[in-house]
Amino acid sequence: MEQPTLTGAQILMQSLVDEGVETLFGYPGGAIMPVYDALYDYRDRLNHVLVRHEQGAAHAAEGYARASGRVGVCLVTSGPGATNTITGIADAMMDSTPIVVITGQVPAQMLGTDAFQECDVVDITQPICKWAYQIRSAEDVAWAVSRAFYIARSGRPGPVVLDFAKNAQVGRAVYQPAQIDFIRSYIPVPKTDKMSVVQAAAMINEAQRPLVLVGQGVELGDACEELRAFIEKADIPAGCTLLGLSALPSDHPLNVGMLGMHGNLAPNKQTQQCDLLIAVGMRFDDRITGKLETYAKQARKIHFDIDPSEINKNVTVDVAVLGDCKETLVSVTELLKPAEHKAWRKTFEPYAEEETRVVIEPQIHPTEGPLRMGEVARRVSELAEHKAILVTDVGQNQMLSARYFKYTQKRSIITSGGMGTMGFGLPAAIGATFGAPNRPVCLCIGDGGFQMTIEELGTIMEQGAPVKIILLNNHYLGNVRQWQQLFFQRRYSFTPMLNPDYELIAKAYNIPVCTVTERNELDQAISEMLATPGPYLLQVAVMEEDNVLPMCCPGSNVDDMLLGITDEQPEAVG
């Protein structure tokens with residue numbers, strides 16, 4: 001008896017179910033229509049979220065992946081549908097976010113003819129994803145899907161693109177489930193050199209002034225507990241990158257704050273004073289290191305990472321501990337001697353006190369003047385009992401909310417780090433509500449980024465997605481304006497913004513809305529927002545020319561940080 005056949009589109013649906021997919025974000029079109037027709041019969045097993053723009057689908061898949069730890073999925077048509085996901089794919093690649101992007105494509109026999117909405121998706125996306133593959137026959141569908149999910153979630157996670165030719169969608173084949181967990185040419189987790197573990201432990205045991213740099217790799221590797229055991233046994237202060245902020249609770253006694261251009265003063269200063277720098281799951285990007293030629297030259301360096309290409313890419317290290325940090329941290333911790341570094345840790349305190357006095361207190365507890373972004377973010381965090389997932393857009397809203405939120409749980413910050421994608425926040429927050437449905441999702445966003453993907457309010461309306469939107473409205477492209485103030489003699493070239501009436505827009509989408517202009521209104525408005533079921537837009541009028549401080553100017557040493565801005569500032573470097 002012959003086995004029954006399914007269309008390639010039906011095989012795709014069954015393959016997604018077999019991979020454990022529950023939610024996907026997408027937008028239909030001509031070249032993907034057979035897949036959407038098959039999806040109609042899977043509505044009880046696959047929850048499809050109709051976005052309002054394909055870029056939103058990619059970012060929503062990212063938000064889902066970052067909140068849940070699972071692979072995010074988006075589904076779009078060919079041509080402009082596919083190219084509209086490019087920004088999200090590149091963003092996911094930079095931030096190691098596992099998503100699978102499925103694009104429609106013209107029939108294989110029409111490839112190369114400039115057919116309607118034909119585009120060479122594979123060649124366009126190969127440089128910005130882990131794997132791109134064009135499915136040209138129904139027989140390849142199950143294999144391609146299994147391979148795509150394996151590549152996306154294994155090793156250093158990242159995006160994968162499947163370009164699905166229309167003839168393969170309508171062609172028929174016997175469905176044979178595939179389960180790929182090995183690819184000969186692909187080594188997701190490199191073998192750990194035992195000698196590197198011994199050498200790293202010896203260096204840590206000898207160090208008098210060690211400092212740990214915590215990256216997002218700790219969360220991606222589900223190694224938060226292993227990290228805590230590691231730093232606690234050796235009594236090592238730890239600073240966190242922007243994407244790694246929630247890998248270590250904000251109130252942990254060894255957490256000395258955020259690293260980098262807009263990080264805290266103490267960890268940046270002491271990066272230049274430590275005798276041993278230990279990087280865990282981070283890539284030494286330029287926003288962390290400042291001027292590479294002077295970065296931590298006095299220190300020996302250890303780098304824990306799963307990706308061999310990151311070793312010595314930007315910063316030369318003495319020992320590289322390759323492998324999954326959930327395992328390598330344990331191996332090194334076993335060889336550590338219990339230590340105390342009280343005197344070294346005490347040297348961080350004067351810098352923390354200075355920053356608190358000069359920068360933090362005026363930002364979160366101002367006594368007069370307009371509302372500040374930092375105080376809004378801190379009160380949202382406090383009134384949410386520090387349990388919310390913070391999603392940010394990009395710019396001043398991102399840096400100030402990330403700095404002044406507090407984190408008690410892992411996977412509590414979702415932001416665009418490497419690409420710095422304005423417009424990321426709103427769709428990513430939608431994805432996060434599906435990825436972590438039992439946690440409050442608070443989106444801090446500026447008026448510039450909000451307008452870039454504002455159409456996704458339609459998705460929120462349709463889905464009832466409980467995104468708590470905190471719109472920090474300063475009528476500027478704030479981060480660019482800050483740089484213009486610092487480096488371009490306050491020549492505010494096209495950074496002031498004429499904004500629409502956001503209250504009317506929210507009401508048009510049936511989203512509850514409130515605008516706060518006075519400090520004494522803030523707490524009640526935040527409490528009402530958090531208590532309201534479903535979505536909410538809280539617009540806060542904030543200081544127009546507020547600045548993100550401290551700041552390490554581009555091209556400067558990492559410890560050369562501005563605590564205030566005057567009329568006499570350095571010219572732009574780089």
Next on the checklist: The criterion is side chain to side chain contact (heavy atoms under 4.5 Å, CB included); which residues satisfy it with A60, sequence neighbours excluded?
Outcome noted: F25

Checklist entry - Nearest 0.5 Å, what's the CG-CG distance between D447 and L472? => result 9.0 Å

Item to check | Under-4.0 Å salt bridge between E206 and K337 | outcome: no

Checklist entry - Residues two or more places apart in sequence or in another chain: which of them pass salt bridge (charged side-chain N to carboxylate O under 4.0 Å, His left out) with K346? => result E349

Item to check | Sequence neighbours excluded, every pair satisfying side-chain hydrogen bond (donor to acceptor under 3.5 Å, both in side chains) that has a member inside residues 521-531 | outcome: R379-D523, E528-Y536

Item to check | Donor-acceptor under 3.5 Å (N312 side chain, V317 main chain) | outcome: yes

Next on the checklist: Please determine whether salt bridge (Lys or Arg N to Asp or Glu O under 4.0 Å) holds for the pair R403 and E355, giving the CA-CA distance in whole Å, both sets of side-chain angles, and the decisive distance to 0.1 Å.
Outcome noted: CA-CA 12 Å; R403 278 177 55 90; E355 183 182 353; 2.6 Å; yes

Checklist entry - Within a strict 4.5 Å, meaning less than it, do heavy atoms of the W483 and M551 side chains meet? => result yes

Item to check | Separation between CZ of R153 and OG1 of T97, rounded to the nearest 0.5 Å | outcome: 15.5 Å

Item to check | Exercise: identify the closest heavy-atom pair between T453 and P427 | outcome: OG1-CD, 3.5 Å

Next on the checklist: Minimum heavy-atom separation for A432 and V391, please, with both atom names.
Outcome noted: CB-CG2, 4.3 Å

Item to check | Distance, nearest 0.5 Å, that separates CG of D324 from CZ of F304 | outcome: 12.0 Å

Next on the checklist: Using modelled atom types and a 3.5 Å cut-off, is there a donor and acceptor pairing between side-chain atoms of D305 and backbone atoms of E310?
Outcome noted: no

Checklist entry - What distance do L471 atom CG and C444 atom SG have between them, rounded to the nearest 0.5 Å? => result 10.0 Å

Item to check | Stepwise ring-ring contact (aromatic ring centres under 6.0 Å, His included) check, Y492 with Y476 | outcome: CA-CA 9 Å; Y492 294 161; Y476 272 105; 5.8 Å; yes

Item to check | side chain to side chain contact (heavy atoms under 4.5 Å, CB included) between R156 and R283, worked out | outcome: CA-CA 12 Å; R156 182 178 182 174; R283 57 189 178 85; 3.8 Å; yes

Next on the checklist: Going by ring-ring contact (aromatic ring centres under 6.0 Å, His included), name the pairs with one or both residues in residues 318-373, residues two or more places apart or in two chains.
Outcome noted: W344-F348

Item to check | Any pair counted as side-chain hydrogen bond (donor to acceptor under 3.5 Å, both in side chains), so long as it reaches residues 224-246, sequence neighbours left out | outcome: E219-S246, E226-K326, E232-H252, D235-R345

Next on the checklist: Checking side-chain contact (heavy atoms from CB on, under 4.5 Å) between L322 and each of T328, T192, I311, which is the one that passes?
Outcome noted: I311

Item to check | side-chain hydrogen bond (donor to acceptor under 3.5 Å, both in side chains) contacts touching residues 429-441 (sequence neighbours left out) | outcome: S412-R439

Checklist entry - Quick one: does K130's side chain have a donor or acceptor within less than 3.5 Å of a partner on P159's backbone? => result no

Next on the checklist: Check whether Q482 reaches the backbone of N547 with its side chain - one donor and one acceptor, N or O, closer than 3.5 Å.
Outcome noted: no

Checklist entry - Residues two or more places apart in sequence or in another chain: which of them pass salt bridge (charged side-chain N to carboxylate O under 4.0 Å, His left out) with R519? => result E375

Next on the checklist: What I'd like to find out is whether the side chain of N255 reaches to under 4.5 Å of the side chain of D251, using heavy atoms alone.
Outcome noted: no

Next on the checklist: My understanding is that only residues two or more places apart in sequence, or in another chain, count here; which of them pass side chain to side chain contact (heavy atoms under 4.5 Å, CB included) with R378?
Outcome noted: I364, E382, Y404, K406

Next on the checklist: Are more than 12 heavy atoms, taken from residues, nucleotides or ligands other than L563, located less than 6.0 Å from that residue's CG atom?
Outcome noted: yes

Checklist entry - Any donor-acceptor pair under 3.5 Å linking the side chain of S250 with the backbone of Y407? => result yes

Item to check | Donor-acceptor contact below 3.5 Å, side chain K301 vs main chain A299 | outcome: yes

Item to check | I278 side chain near I236 side chain, heavy-atom distance below 4.5 Å | outcome: yes

Next on the checklist: Consider side-chain contact (heavy atoms from CB on, under 4.5 Å). Of T415, D91, D95, which one does T421 pass it with?
Outcome noted: D91

Checklist entry - Taking only residues two or more places apart in sequence or in another chain, which ones pass side chain to side chain donor-acceptor pair (under 3.5 Å) with D546? => result R372

Item to check | salt bridge (charged side-chain N to carboxylate O under 4.0 Å, His left out) partners of residues 387-399, not counting sequence neighbours, each pair once | outcome: E385-K387

Checklist entry - Under 4.5 Å between any side-chain heavy atoms of F487 and C553, yes or no? => result yes

Checklist entry - Do N474 and E545 have side chains that get closer than 4.5 Å, going by heavy atoms? => result no

Checklist outcome for this item: Separation between OG (S154) and CG (D181), nearest 0.5 Å, reads 10.0 Å

Next on the checklist: If you define the side chain from C-beta out and look only at heavy atoms, does anything of V558 sit under 4.5 Å from Q272?
Outcome noted: yes

Checklist entry - In Å and rounded to the nearest 0.5 Å, what is the CG to CD distance from L276 to Q298? => result 10.5 Å

Checklist entry - Mind checking whether Q270 and V256 have side chains closer than 4.5 Å, heavy atoms only? => result no

Next on the checklist: When you measure from the side chain of R66 to the backbone of G431, do you find a donor-acceptor pair of N or O atoms at a distance under 3.5 Å?
Outcome noted: no

Item to check | Any donor-acceptor N or O pair under 3.5 Å, side chains Q208, D275 | outcome: no

Checklist entry - Of all residues at least two apart in sequence or in a different chain, which pass the salt bridge (charged side-chain N to carboxylate O under 4.0 Å, His left out) check with E334? => result none

Next on the checklist: Is any side-chain heavy atom of C552 closer than 4.5 Å to one of R287?
Outcome noted: no

Item to check | Test ring-ring contact (aromatic ring centres under 6.0 Å, His included) applied to H386 and F405, step by step | outcome: CA-CA 7 Å; H386 305 308; F405 241 70; 7.9 Å; no

Checklist entry - Would you say the side-chain atoms of N314 pair up with the backbone N or O of F284, donor to acceptor, closer than 3.5 Å? => result yes

Checklist outcome for this item: Scanning both residues in full, the closest heavy-atom pair of A339 with A234 reads CB-O, 3.7 Å

Item to check | N-O pairing of K410 and D222 below 4.0 Å | outcome: yes

Please output the side-chain donor-acceptor pairs of residues 193-202 that fall under 3.5 Å, not counting sequence neighbours, one pair per line with the distance.
residue	atom	partner	partner atom	Å
D193	OD1	M195	N	3.0
S196	OG	D193	O	2.5

Checklist entry - Taking T333 for the side chain and L329 for the main chain, is one N or O donor matched with an acceptor at less than 3.5 Å? => result yes

Next on the checklist: Checking the side chain of N264 only, and the main-chain atoms of M258 only, is there a donor and an acceptor separated by less than 3.5 Å?
Outcome noted: yes

